[in-house]
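We count ligands from 1, going down the list as the structure has it; atoms in each ligand are counted the same way.
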Amino acid sequence: MSEELQALSAADAAAAIAKGDLGRGELFEHYRARAASDELNAFTWVAESMPDSVDGPLGGVPIAVKDLFCTEGIPSQAGSKILAGYCPPYTATAVANLEAAGAPILGKTNQDEFAMGSSNENSAYGPVQNPWDRSRVPGGSSGGSAAAVAAGLAPWALGTDTGGSIRQPAALCGIVGLKPTYGAVSRYGMIAFASSLDSAGPLTRNVTDAALFYRHLVGRDSADATSVSFPEPIALPTSERLDGITLAVPAALVDGDGIEAGVRDSFEAALESARGLGATVVSCEIPSAPYALSAYYVIAPAEASSNLARFDGVRYGLRVDATNLDAMYTETRHDGFGDEVKRRILIGTYALSSGYYDAYYGRAQRVRTVVASELSAIFQTADFIVTPTSPTVAFGLGERTADPLAMYLSDLFTIPMSLAGTPAISIPSGLSDGLPVGLQICGPAFSENRILGAAHALERAIGFDGSSAWSAL
Ligand code: GLN
């Protein structure tokens with residue numbers, strides 16, 4: 001590999017291209033060759049060549065795109081057998097925005113089926129390996145995107161986060177992942193999982209790359225009625241200090257059971273770094289937090305059960321022929337969906353059924369409102385809420401597949417922000433036994449510039465170096 005090329009961050013590569021020191025084609029070919037020899041199963045499709053007209057502020061730095069995004073004429077399978085070989089007739093706005101800014105598609109990345117999962121093991125296209133330890137999961141559901149960036153197979157990647165699917169794999173792979181404010185990025189062309197929670201955001205090597213990528217991702221889109229225009233331009237972060245900043249730690253949540261000692265140690269060390277940069281660390285309570293996970297696992301499946309009704313064998317992908325129409329629907333869905341997707345459809349349909357609607361869905365929605373108001377109360381006195389991103393480091397492939405509840409607990413720290421629609425970033429806080437640990441920084445709606453600034457200051461103080469994962473191939 002060309003070591004100098006590989007060592008360039010995406011922002012540095014864009015700058016080198018702008019200066020004329022690096023050719024777009026050369027950069028594309030470097031990553032194309034790496035992605036094509038991917039041994040982690042991070043990619044489900046790799047481009048054969050760079051498109052002809054690449055121009056714009058992103059300079060030609062190619063993007064890996066989670067397979068949940070529709071890309072015109074390119075397989076978009078969402079990790080599902082039911083969409084095997086499906087090539088959409090149009091491109092998702094998020095992808096189109098990046099392409100228009102000069103970032104060509106390098107490839108499509110593996111993921112949990114319809115983004116349901118925390119390990120990438122729920123993919124019809126096989127699990128992805130974590131480049132830090134190939135016997136472990138990369139996290140999920142944007143596991144292919146995270147592994148590709150961590151292993152240096154792509155300069156940066158687009159992922160989605162409904163309950164943690166950008167932040168948790170970023171944490172487990174030692175990279176940066178930003179979940180936007182709900183609505184800041186268009187969902188048009190993103191294959192829907194839970195529409196009131198779904199968001200699209202960057203997975204990158206560092207915080208500056210995340211800001212640059214995000215700048216070109218945001219925007220109101222008339223094709224997504226829930227999208228809004230971001231109230232200010234996304235700045236490239238320069239902060240090196242946290243003077244005057246208050247970080248709130250939800251003590252009961254962070255001190256709870258199930259958090260590994262190494263994760264706790266790394267989190268404490270990150271808080272110490274923050275204090276060293278001038279921040280004040282206070283403790284806070286999110287009393288509804290213990291209920292957030294349960295509420296999410298009612299709301300998200302409820303929305304999924306409705307969204308996934310469209311996969312009926314008539315309009316897209318797989319069709320299993322049968323003697324009559326009803327049998328065709330049933331057989332197609334039986335063969336096309338994996339176990340976790342079926343589990344969610346069953347839970348969601350049950351939760352929405354008359355007689356149970358108030359008891360499950362209605363209550364979960366009330367919990368959601370309480371979570372959002374508790375977070376906004378904390379933001380009255382603190383700038384950010386900080387937690388570890390995941391209670392554990394990357395776990396072994398196969399370790400949690402038989403225990404859905406253990407899998408769902410991966411999302412303990414990420415789900416409150418998803419329910420509230422608030423932005424949050426995960427940055428690496430260090431290693432525990434050689435495996436990356438993530439730090440989550442969450443702020444109020446539309447505080448992305450401030451979050452990126454704080455993350456940038458902390459990133460410099462922590463000094464994490466992920467380059468050892470590039471040679472994992
Ligand atoms: N792991 C969570 C789930 O399985 C979150 C997934 C996501 O954010 N897409 O639903």
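Under 4.0 angstrom from ligand 1, the non-hydrogen atoms of R344 all belong to its side chain. Proximity of D411 to ligand 1, defined as any heavy-atom pair under 4.0 Å, is confined to the side chain (atoms from C-beta onward). Contacts with ligand 1 closer than 4.0 Å are made by side-chain heavy atoms of Y297 only, the backbone lying farther away. At a heavy-atom distance under 4.0 Å, atoms from both the backbone and the side chain of A115 approach ligand 1.
In terms of protein heavy atoms, atom 10 (O) of ligand 1 is closest to Y296 OH, 2.7 Å.
An N or O contact shorter than 3.5 Å is missing between F193 and ligand 1 by distance. Checking only distances, T160 never comes within under 3.5 Å of ligand 1, N or O to N or O. Ligand 1 has no N or O atom lying under 3.5 Å from any N or O atom of M116, backbone or side chain. Considering backbone and side-chain N/O of K66, none are found under 3.5 Å from N/O of ligand 1.
Residue contact check for ligand 1: G117 places a non-hydrogen atom closer than 4.0 Å to it.
A side-chain N or O of E113 and one of S80 form a donor-acceptor pair less than 3.5 Å apart. E374 and S288 are linked by a side-chain donor-acceptor pair at a separation below 3.5 angstrom, with hydrogens and angles left out of the test. When only modelled atom types and interatomic distance are considered, E99 and T91 share no side-chain donor-acceptor pair under 3.5 Å.
Residue S165 holds the heavy atom nearest to atom 7 (C) of ligand 1 of all those in S165, P301, S418.
Ion pairing between R264 and E268 fails under the 4.0 Å rule for side-chain N and carboxylate O. Between D221 and R187 there is no salt bridge, since no side-chain nitrogen of the basic residue lies less than 4.0 Å from a carboxylate oxygen of the acidic one.
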**OP:** Begin from the C-alpha positions of Y296 and L197 and carry the test side-chain contact (heavy atoms from CB on, under 4.5 Å) through to its verdict.
**Re:** CA-CA 9 Å; Y296 170 87; L197 296 157; 3.8 Å; yes
Original post:
Is there a side-chain hydrogen bond (donor to acceptor under 3.5 Å, both in side chains) between R363 and S294 once you walk through the steps?
Top reply: CA-CA 10 Å; R363 274 172 114 181; S294 314; over 6 Å; no
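Those atoms of ligand 1 with a heavy atom of S141 less than 4.0 angstrom away are 9 (N).
Under the 6.0 Å cut-off for aromatic ring centres, F311 and F114 qualify, their centroids lying closer than that.
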